[in-house]
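This report refers to the structure that appears directly beneath it.
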Amino acid sequence: MSAQDSARPTEPVEFSVDLTGHELTRRAHVMNALGAEWDPVEVMRGEEEAYDMLYSGLDEQQQRLYDALVEAGVLPRRG
């Protein structure tokens, strides 16, 4: 065993890192990248419209599968 190995602790060592400052910086960069024109309500409306289009016009088998997925909690209940 080398002298370097004997200097290593044999018990667990307390180690923690506070990422709060980094998280705030990350959030600021995200908001900056989204821009001042970003409208979260409009984005949600667009997503709802996309889901409406995606799940409209299903044939009978697709509708049964969709209903089964909703019932199983895989897809959210809509409307």
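Scanning for side-chain hydrogen bond (donor to acceptor under 3.5 Å, both in side chains) contacts around E60 gives R64, with sequence neighbours left out. Take Y51 and apply the ring pair (Phe, Tyr, Trp, His ring centres under 6.0 Å) test, not counting sequence neighbours, and it matches no residue. Partners of L65 according to the side-chain contact (heavy atoms from CB on, under 4.5 Å) rule, which considers only residues two or more places apart in sequence or in another chain, are L69. By the side-chain hydrogen bond (donor to acceptor under 3.5 Å, both in side chains) test, N32 pairs with no residue at all, sequence neighbours left out. Judged as a side-chain hydrogen bond (donor to acceptor under 3.5 Å, both in side chains), and not counting sequence neighbours, Q62 has no contacts. Legend: residues meeting side-chain hydrogen bond (donor to acceptor under 3.5 Å, both in side chains) with E37, ordered by chain and number and at least two apart, are absent. Scanning for side-chain contact (heavy atoms from CB on, under 4.5 Å) contacts around V17 gives F15, L19, with sequence neighbours left out.
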With a cut-off of 3.5 Å and sequence neighbours excluded, list every side-chain donor-acceptor pair involving residues 41-50.
{"unit_1": "E42", "atom_1": "OE1", "unit_2": "R45", "atom_2": "NH1", "d": "3.3"}
{"unit_1": "E48", "atom_1": "OE1", "unit_2": "R78", "atom_2": "NH1", "d": "3.1"}
{"unit_1": "E48", "atom_1": "OE1", "unit_2": "R78", "atom_2": "NH2", "d": "3.2"}

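Among residue pairs with one or both ends in residues 22-32, those qualifying as salt bridge (Lys or Arg N to Asp or Glu O under 4.0 Å) are E23-R26, E23-R27; sequence neighbours excluded. Residue pairs satisfying the salt bridge (Lys or Arg N to Asp or Glu O under 4.0 Å) criterion with at least one member in residues 10-20, sequence neighbours excluded, are absent. Among residue pairs with one or both ends in residues 58-79, those qualifying as ring-ring contact (aromatic ring centres under 6.0 Å, His included) are Y55-Y66; sequence neighbours excluded.
W38 and V30 fall within the same hydrophobic cluster, where Ile, Leu, Val, Met, Phe, Trp and Tyr residues are linked whenever their side-chain heavy atoms come under 4.5 Å apart, directly or through other members.
In the hydrophobic clustering (ILVMFWY side chains linked at under 4.5 Å, chained through shared members), M53 stands by itself.
In this structure, R77 CZ and D67 CG are separated by 9.0 Å, a value rounded to the nearest 0.5 Å.
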